[in-house]
2 protein chains.
Amino acid sequence: MESSGDTLTACMDGSATQATAGADIPSSRHVPTAIATPADIRPAAEALRDIARDIGNFQVAACANIASKMPMCDADGNVLAHSIFGWPTSKEQWWKKPLLALSSPLPFACRYESDPFWVNAAGIYTRAPNPLLDQIDLSHFDELVNAQSVIVVPIHLPFGQIGVVSFSPLDNGRKDLSREFELYADQLEYHSRRFIGGYSRVTSHRPWIPKNCRLSKREVECLRWAAVGKTDVEIAMILGRSCATVRFHIHNAATKLEAVNRSQTVFKATQLGYLGSVAAVMTGGHGEHHDGAMIE
Amino acid sequence: MESSGDTLTACMDGSATQATAGADIPSSRHVPTAIATPADIRPAAEALRDIARDIGNFQVAACANIASKMPMCDADGNVLAHSIFGWPTSKEQWWKKPLLALSSPLPFACRYESDPFWVNAAGIYTRAPNPLLDQIDLSHFDELVNAQSVIVVPIHLPFGQIGVVSFSPLDNGRKDLSREFELYADQLEYHSRRFIGGYSRVTSHRPWIPKNCRLSKREVECLRWAAVGKTDVEIAMILGRSCATVRFHIHNAATKLEAVNRSQTVFKATQLGYLGSVAAVMTGGHGEHHDGAMIE
DNA sequence: CCAAAACCTCGGACTAGTGCTAGGTTTTTC
DNA sequence: GAAAAACCTAGCACTAGTCCGAGGTTTTGG
């Protein structure tokens with residue numbers, strides 16, 4: 001209990017509230033779950049494990065990218081789930097069952113929510129209502145998640161990457177985590193974010209360099225409609241331009257993003273947040289009540 | 001100074017560190033920057049403004065979606081930048097200049113980084129190195145950002161939405177925020193995240209419901225290659241399958257995601273994190289050293 | 001254990017959509 | 001007022017999407 005408590009006091013409260021009064025703060029605050037180099041992964045994972053245990057007797061499960069089945073490993077290639085977080089090493093399909101909670105409804109919920117939440121077989125409990133989570137199928141919760149309940153921290157990262165850290169009570173059988181969630185969600189979120197963010201930074205090299213990717217207004221406008229499935233002809237009608245013009249703009253955007261075709265252009269533009277979210281609302285909508293153009 | 005100090009002590013430290021010892025914690029901790037309903041937007045913005053001022057005499061600038069030029073407004077339609085954050089109301093192109101810091105290099109940096117950072121004309125300073133930020137052009141920093149330096153909190157949200165909150169010193173002329181960043185980044189990040197996250201939740205309705213969007217392994221595999229610009233023929237060669245099979249899988253994925261063509265399929269799959277990040281590394285790469293398949 | 005339901009593998013032909021090259025026009029910038 | 005962007009247009013070769021079809025394999029559920 002002391003390890004997590006001290007750390008948090010130091011990094012989240014103590015320094016900040018007194019600083020304007022001129023208190024002397026150590027210039028390099030050590031956050032145990034932060035990761036700067038691959039060598040930090042193991043100690044950071046251990047720190048996260050200890051914090052979770054001390055706070056509420058939780059077992060940790062972490063995934064840096066819900067799109068990948070690659071397990072998280074330390075600098076020497078040891079799987080964190082086994083070597084640190086204490087999940088059993090079942091020989092076959094070890095990643096399917098025990099890599100925890102990630103089998104089914106949890107990653108789905110993470111796609112739709114950025115705030116921490118907690119789950120049991122009866123529902124998903126968020127701090128603020130999110131209708132999208134109500135549609136998630138929890139019918140096989142018990143089998144898919146090795147616990148009666150679990151606290152989940154979704155972590156949305158650049159380039160469309162989604163990570164997740166889940167905390168399940170070692171005292172199995174607990175079905176209500178509302179109190180723990182209320183108390184510890186902020187801390188768990190903070191450390192999870194540091195951990196997953198740092199891990200992603202040091203492990204995934206992204207050599208992609210869209211040098212001059214300053215898309216123009218028209219280009220984004222066309223891309224936006226293309227992303228929601230409109231064809232050249234439709235976009236041309238919507239924007240009141242010729243079909244060829246639409247193609248020109250999209251081709252220009254592709255050049256700037258160093259993409260070879262329309263799909264890759266949409267993909268890269270989405271990853272970079274050019275089409276973010278607003279387009280989603282248009283999918284089922286009637287257009288016209290959208291935001292209009294965007295920052296050029 | 002008292003308002004922010006008290007609040008932070010209560011919500012981030014006090015409760016957490018003592019809870020395991022059984023201290024009695026109020027069941028509903030009030031976070032002033034949290035937003036549950038549209039009516040909360042205004043008080044939350046005021047709280048954020050006050051916190052920023054009290055902490056380090058900062059002025060706030062916020063954008064819930066860097067892809068949209070729509071300004072953030074309260075429930076009555078008042079632009080927060082003017083009515084609360086205190087930015088001047090220039091008649092023409094008000095959103096271009098003063099909405100401030102958001103004009104140029106800042107949103108770009110937010111696309112590549114999920115951790116808070118601070119910037120001046122000489123560079124971008126992160127807690128951990130990020131090569132992608134070194135390529136950003138800061139040559140016109142002074143004109144584009146109405147300050148000599150600024151602390152930036154990027155906020156990555158579901159559906160590929162990217163928001164940002166920036167804090168610029170009211171004491172203009174300050175060029176070094178390293179100390180302030182060290183001390184306050186965590187707090188600023190916490191409140192910014194609550195504010196932007198809550199704002200996005202209550203303002204953007206996303207009626208999109210991909211009911212059964214459980215993509216199969218092959219489907220994601222094909223989509224992944226399609227997203228990086230491979231044609232059907234290329235994907236067929238890569239996977240050792242026929243061209244018809246590749247089309248079958250991608251068409252199936254499109255059906256599940258309720259997409260009408262390939263571009264929209266890639267778009268939706270990207271928004272949902274199915275193609276996240278891993279594919280980016282393949283763009284400039286030589287394939288094969290990728291993660292392989294993904295969770296089905 | 002069997003059956004149903006997914007999933008996966010293929011082929012061909014036709015239509016709609018896209019990529020690309022080569023221009024011209026308008027607007028912005030210096 | 002010239003240069004540089006950005007914007008607009010057109011036609012042709014190619015690619016992707018659709019519709020038709022056939023079968024095999026793995027999961028699911030009774």
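Note on naming: letters A, B, ... go to the chains in the order of the sequence lines (proteins, then strands), and numbering restarts at 1 for each one. Values in this document were obtained by computation on a predicted structure and should not be read as measured data.
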Item to check | Polar contact flag, side-chain donor to acceptor under 3.5 angstrom, A/Glu113-A/Thr126 | outcome: no
Checklist entry - Under 4.0 angstrom, heavy atoms only, what part of the nucleic acid is B/Val260 near: base, sugar-phosphate, or nothing? => result sugar-phosphate
Item to check | Closest-nucleotide 5' rank along DNA chain D - winner of A/Arg247 and B/Thr231 | outcome: A/Arg247
Item to check | Rounded distance in Å - CD (B/Glu234) to P (C/dG19) | outcome: 13 Å
Checklist entry - When the distance from CH2 of B/Trp225 to C1' of D/dT15 is rounded to whole Å, what number comes out? => result 20 Å
Next on the checklist: With a cut-off of less than 4.0 Å, is there a side-chain N or O of B/Arg218 near OP1 or OP2 of C/dT9?
Outcome noted: yes
Next on the checklist: Looking at B/His156 and A/Ile162, would you say the former's side chain and the latter's main chain have a donor-acceptor pair under 3.5 Å?
Outcome noted: no
Checklist entry - Can you find a pair of side-chain heavy atoms, one from A/Leu272 and one from A/Leu257, that are under 4.5 Å apart? => result yes
Next on the checklist: Can you see if the side chain of B/Thr245 gets near the phosphate of C/dT9 - specifically, an N or O under 4.0 Å from OP1 or OP2?
Outcome noted: no
Next on the checklist: Measure CD1/A/Ile250 against P/D/dA6 and give the value in whole Å, please.
Outcome noted: 17 Å
Item to check | Euclidean distance, atom NZ of residue A/Lys217 to atom C1' of D/dC8 [Å, nearest integer] | outcome: 15 Å
Item to check | Gap between atoms CG and C1', on B/Leu215 and C/dA6 respectively (whole Å) | outcome: 15 Å
Checklist outcome for this item: Between CD of B/Gln264 and P of C/dT18 the distance, given in whole Å, is 12 Å
Checklist entry - Counting only side-chain N and O atoms of A/Lys256, is one of them less than 4.0 Å from OP1 or OP2 of D/dA5? => result no
Next on the checklist: Check the phosphate of C/dC20 against A/His251, side-chain N and O only, distance under 4.0 Å to OP1 or OP2. Yes or no?
Outcome noted: yes
Next on the checklist: Rounded to whole Å, how long is the line connecting atom CG of B/Asp232 with atom P of C/dA16?
Outcome noted: 19 Å
Checklist entry - Is any side-chain nitrogen or oxygen of A/Ser242 closer than 4.0 Å to OP1 or OP2 of D/dT9? => result yes
Checklist entry - Any side-chain N or O of B/Arg262 less than 4.0 Å from the OP1 or OP2 oxygen of D/dG17? => result yes
Next on the checklist: Tell me the interatomic distance from A/Leu223, atom CG, to D/dC7, atom P, rounded to whole angstroms.
Outcome noted: 12 Å
Item to check | C/dT9 OP1/OP2 closer than 4.0 Å to side-chain N/O of B/Arg241 | outcome: yes
Checklist entry - Distance-only, no hydrogens or angles: does the B/Gln148 side chain make a donor-acceptor pair with backbone N or O of B/Lys175 under 3.5 Å? => result no
Item to check | Ring-face cation of B/Arg111 near A/Tyr274 (centre distance under 6.0 Å, axis angle within 45°) | outcome: yes
Item to check | 5' priority, DNA chain C, between B/Asn261 and B/Glu219 [closest heavy atom] | outcome: B/Glu219
Item to check | Side-chain N,O (B/Ser216) to OP1/OP2 (C/dA6) below 4.0 Å | outcome: no
Item to check | Residue met sooner reading DNA chain C from 5', once B/Ser263 and B/Phe248 are mapped to nucleotides | outcome: B/Phe248
